[in-house]
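Structure first, then comments.
Quantities reported herein were computed from a predicted structural model and do not represent experimental measurements. Residue numbering restarts at 1 for every chain, and letters A, B, ... go by the order of the sequence lines.
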Amino acid sequence: MTTLAGHANAPRGSIPARPSILQQMWTSRADYLYVLPAIVVMLIVIAYPIYYTIELSFFKTPPGLQLRDKIFVGADNYTAILSSEVFWRVTINTVIWTLASTLIAFVLGYGAALALHRDFAGRAVLRAILIIPWVISAVAASYIWKWMYHSDFGIIGQVLVQFGFTDRQPNFIDNVHTVLPSLIVVNIWREFPFAMIMIMAGLQTVPEQLLRAARVDGASTWQRFWHVTFPHLRGVSTVTILLLAVANFNSFIIPWIMTGGGPSNASHIWITHIYELAFGRQRWGVAAAYSVLLFVILMALGYFYVRALSGNEKEQGA
Amino acid sequence: MRNYGFGRALARGMAVSTLMVSMMSTSVLGQSVDLSKWSPEYVRSIAGTEEFDTAELCGAVTPLDYEGRLTFWYQGVFEGDPDLLRQYYKDFFEAFRATYPNIELEEQALTYNDLLDKFRTALLGNAGPMVVRLQILGGVEFASKGYLQELSPEDVGWKTEDFWPGAMKSVMWEGKTYGIPTNNETMALIWNADIFERAGLDPEAPPATWDDVVAYSKQIHDKLGVAGYGLVARKNAGNTPYRFMPQLWGYGGGVFDEADPNPTYEEIRLDSDASKQALQASVDMYVRDQSVPVSALTNQQADNQPLFLAGQLGMMISHPSDYNVMLDLQAKATGDDQTKAQTVIDNMRYGLIPTGPDGKRAVVFGGSNIHILNPEYVEGGEVDEAAAKAMVCFWTSPEWSLKMAYAGSNPGNLNGFKTKWMKERLDSIKFLDVTTSMLPYGVPFPTLPETPEIMNIIIPDMLQNALTGAMTVDEAAEDAAEKVRALTEGGGL
C-alpha cells in the first residue's frame with residue numbers, strides 16, 4: 001500500500017527505470033550459476049532430442065536406407081499422417097483412452113480417499129490393499145490381466161459363465177469393439193490408487209475448524225463436502241487430473257503387452273502406434289512427425305499443469 | 001508311442017520334393033550331401049558316417065590361443081522352447097570358452113520378437129555387437145543398409161556347398177554374401193489322434209489339403225467342443241507368418257512370386273484369387289465355423305502348446321521340438337493333469353503340412369543366420385575379426401550347428417547330418433523325419449529389406465482385418481497388397 005501511494009504521489013519524471021533482463025541476470029548471477037549444471041544437462045538430454053525429432057520429422061527413411069541417408073520431404077510426413085485413416089482412428093482411441101481412464105480413475109480415487117479419510121476399524125489395512133495395483137509392476141499386471149481376460153480360458157469369463165451371466169466365454173481382447181474398454185478397465189485399476197493418494201494428501205489440508213463450524217451451523221454431510229471440502233481440494237484435484245491425463249497420453253505398457261495395438265488397430269493409441277512405426281516399421285520420419293504432434297499436445301497440458309500449480313501456491317500464500 | 005502316419009503323403013510328395021530340390025539350386029550335385037536323394041531314409045543313411053573335430057577345424061581359422069574380445073547378440077531360447085535346447089545353449093558357450101580361453105566373450109540372448117527392434121535401435125547409435133545371429137528374414141534388411149560385412153562360408157573354413165541353397169539365398173544381397181546359415185527349419189502338422197478318433201476322423205490320417213484342415217477343424221469343434229486348429233494371428237510375432245504363409249503358398253498365392261522357382265519379387269500377388277482363397281480359409285475357421293481359439297488374435301504358438309497338452313486343441317503347425325516341450329510341460333503337471341497330458345503325448349502325431357487344392361505343398365524355409373558387423377556400427381568402433389570368425393566358425397560347424405538345432409530344427413551346415421550326433425538325434429527326437437522331409441518344400445521369405453515389415457506387420461494386419469470383420473476378405477487382401485506396393489515403392493504409412 002505504501003509503495004502504491006508513494007508512486008501515486010511521486011513526480012512523473014522520477015519513476016526509476018526498470019532494469020533490463022541482462023541487468024537482472026547479472027544482479028542474480030549467482031542464482032544462474034547454481035542452476036547452470038541442471039540447464040546444461042537439460043539441453044543435452046531434452047533440448048537436443050526435441051530438436052532432432054523435429055528435424056527428423058521432415059525426412060523420409062525407407063527400409064533399405066540407413067537413417068543418415070534420409071531423404072528430405074518437407075512437410076510430407078505431416079500431410080501423410082493427417083490424411084491417413086489410421087491416424088484418425090488412433091487419435092479417437094487415444095482420446096477415449098485418456099478421457100475415460102483419467103476421469104474414472106479420478107472419481108474412483110476421490111471416492112476411495114473420502115471413504116478412507118473417516119476413522120474405522122481396518123482402515124490402514126484397506127488403504128494398503130488399495131495401493132497394491134499402483135505399486136505392482138505394470139508389465140506383470142498386464143500379463144496377469146491378459147490371462148484373466150483370455151478369450152478361451154480366462155478366469156473372468158469362466159466366472160461369468162459359472163454364475164450364468166452368459167452362456168459362452170466372453171471375448172474381451174480379441175474383439176475390435178470390446179478391446180479398448182477392457183484395456184481401460186485395467187488402466188483404471190492401476191491408476192485410481194494414485195488419485196486416491198493425492199486426494200488423501202489434499203484432505204489433510206482441509207481446516208478441521210471449518211468443518212466443525214459448518215457442523216455447528218447445521219450443515220449436512222453433503223453440504224459440508226460441497227461447501228468446505230470440495231473447494232479446498234480443487235487445486236489438488238486439478239493437478240491430479242492433469243498428471244493422470246499426461247500419464248495416460250503417454251501410456252504404453254498395458255496396450256502394448258496385452259494386445260500390441262490389435263486386433264486390427266482397435267487398441268492402438270498414439271504411443272504404441274509411434275513405437276510400431278519407428279521400431280517395427282522403421283518409418284523414423286513419420287514416427288518423429290507423430291511425436292512432434294504429441295509433444296505439442298503434451299506441452300499444452302503441461303502449461304495448464306504449471307498454471308494449476310501456480311494457482312495452488314497463490315491460494316496457499318493467501 | 002505309435003509310429004506316425006504320413007507314409008502315403010510322403011511317398012506322393014517325394015517326386016515333388018526331388019523336383020523342388022533341383023529348383024532350389026542349379027548345382028545340387030556339388031552339395032556336401034546329395035540333396036537330389038533327400039528322404040528320411042537318405043538322412044538315416046548318412047547319419048554318423050563322418051567325424052568332425054570342431055576345435056581343429058576352427059583352430060585353422062582363428063588360432064586356439066588367440067587373445068581377443070567379442071560382443072555377440074543372438075536369438076536365443078524362449079518360453080516355447082524345450083529344456084533340452086536350453087542345455088545345449090549353455091553347453092555351447094562353455095565349449096566356446098574352453099576352446100578359446102583367451103577370447104573375452106560378452107554374449108547376450110534376445111527373444112525372436114525383441115531382437116530386431118533392439119538391434120535396429122542399437123545400430124542407430126553405432127552401438128551394435130561385433131557378431132549377431134539373426135532370424136532368417138532379418139539379414140537382407142541390414143545388409144542392404146551396409147551394416148554387415150561381407151562374409152561367406154569360405155571365410156570361416158567351410159564351403160558354400162555345405163549349406164542349403166535356399167538358406168544361402170537369405171544371406172545374399174545384390175550378388176554378395178553377408179552371412180552364414182546356422183540352422184534351417186521347416187515345420188510340420190501336429191495332431192492329436194485321440195481327438196481325431198473321438199471326433200469320428202481317422203486317427204492316423206492327417207488332413208491332406210488345407211480345405212481338409214478347415215473341414216476337420218469344424219468337425220472336431222462341433223463334435224467335441226474343443227478348438228480344431230491352432231490358428232495364430234498375432235501381430236509382430238514370427239509365429240504368424242510361419243503358420244499362414246504355408247497356407248497362402250499352398251493355395252497358389254503369395255506376397256510376390258517368392259514360391260516360384262526363380263522369384264523376381266516384382267509382381268504383388270497378395271490380392272490374387274489364390275491368396276484370397278487362403279485368407280478365406282482362415283476366415284471360415286475363425287468366423288464362420290468358430291472352430292479355432294478365439295484368442296488367436298493375441299496368441300502365439302507358445303499359447304497353443306498348453307492348449308494342445310490339455311487336450312483342448314486338435315491340430316497345430318509347429319516344430320518337432322514341440323514333442324519335447326510337451327514332455328517338459330507334462331513333467332511340471334500334477335495329479336490328473338499329468339495323466340491327461342500323458343494321454344495327449346501318447347496320441348501326438350506328426351505329418352506333412354497339407355497341400356493346396358492343386359496339390360501344392362509349401363512351408364517356410366526358416367532358420368537363422370550369423371553375421372559380422374562393420375566396425376563403425378559397433379560399440380567402440382572396432383571389430384575383433386579373428387574373435388568374430390572364431391564364433392562364426394564354431395556356431396556353423398557341423399557339430400554345433402546340429403547340436404544348437406537338436407530338438408527344433410536342422411543344422412545349417414549340411415555336414416551336421418553326417419555326424420554321430422545326428423544319428424543319436426534320429427533315435428531320440430521323435431518325429432524328426434517329418435520335418436526333415438519338409439525341408440525340400442521350404443520356400444525362403446522374399447530376400448528384400450522390406451520383408452520384416454511385410455511378414456511381421458502387413459500379413460498379420462491382413463489376417464486381423466479379415467478375422468475381426470473390420471474388412472471383407474477382398475478388402476483385407478487388397479489393402480495388404482496396396483501396403484506392400486506402397487512399401488516397395490518407398491512410400492506409404
Q: With rounding to the nearest 0.5 Å, note down the distance linking OG1 in Thr298(B) to NZ in Lys146(A).
A: 5.5 Å
Q) Of the backbone (N, CA, C, O) and the side chain (C-beta and beyond), which part of Ile71(A) lies under 4.5 Å from a heavy atom of chain B, both, or neither? A) neither
Q: Considering only heavy atoms, give the residues of residues 223-231 of chain B separated from chain A by less than 4.5 Å, sorted numerically, with 'none' for an empty result.
A: none
Q | Value rounded to 0.5 Å, distance of OG1 in Thr61(A) from NZ in Lys145(B) | A | 8.0 Å
For residues 251-264 of chain A, run the donor-acceptor check on the side chains, cut-off 3.5 Å, and write out each pair with its distance to 0.1 Å, sequence neighbours left out.
unit_1: Thr259(A); atom_1: OG1; unit_2: Pro255(A); atom_2: O; d: 3.0
unit_1: Thr259(A); atom_1: OG1; unit_2: Gly261(A); atom_2: N; d: 3.2
unit_1: Thr259(A); atom_1: OG1; unit_2: Ser267(A); atom_2: OG; d: 2.6
unit_1: Ser264(A); atom_1: OG; unit_2: Asn465(B); atom_2: OD1; d: 2.3

Q) Measuring from Leu124(B):CG to Trp284(A):CH2, what's the distance to the nearest 0.5 Å? A) 4.5 Å
**Q.** Residue that, paired with Leu297(B), satisfies side chain to side chain contact (heavy atoms under 4.5 Å, CB included) out of Asn175(A), Val176(A), Asp174(A)
**A.** Asp174(A)
Q. Would you say the side chain of Asn456(B) lies within less than 4.5 Å of the side chain of Arg281(A), judging by non-hydrogen atoms?
A. no
Q. So which part of Gln282(A) gets closer than 4.5 Å to some heavy atom of chain B, the side chain, the backbone, both or neither?
A. side chain
Q) Has Glu379(B) got more than 12 heavy atoms of other residues, nucleotides or ligands less than 6.0 Å from its CD? A) no
(Q) Please classify the contact between Phe153(A) and chain B as side chain, backbone, both or neither, with a heavy-atom cut-off of under 4.5 Å. (A) side chain
Q: State whether the side chain of Asp152(A) and the backbone N or O of Ser295(B) hold a donor-acceptor pair below 3.5 Å, judged by distance alone.
A: yes
Q: Answer with side chain, backbone, both or neither: which region of Phe172(A) has an atom nearer than 4.5 Å to a non-hydrogen atom of chain B?
A: neither
(Q) A side-chain contact here means heavy atoms from C-beta on lying under 4.5 Å apart; do Ile457(B) and Glu276(A) qualify? (A) yes
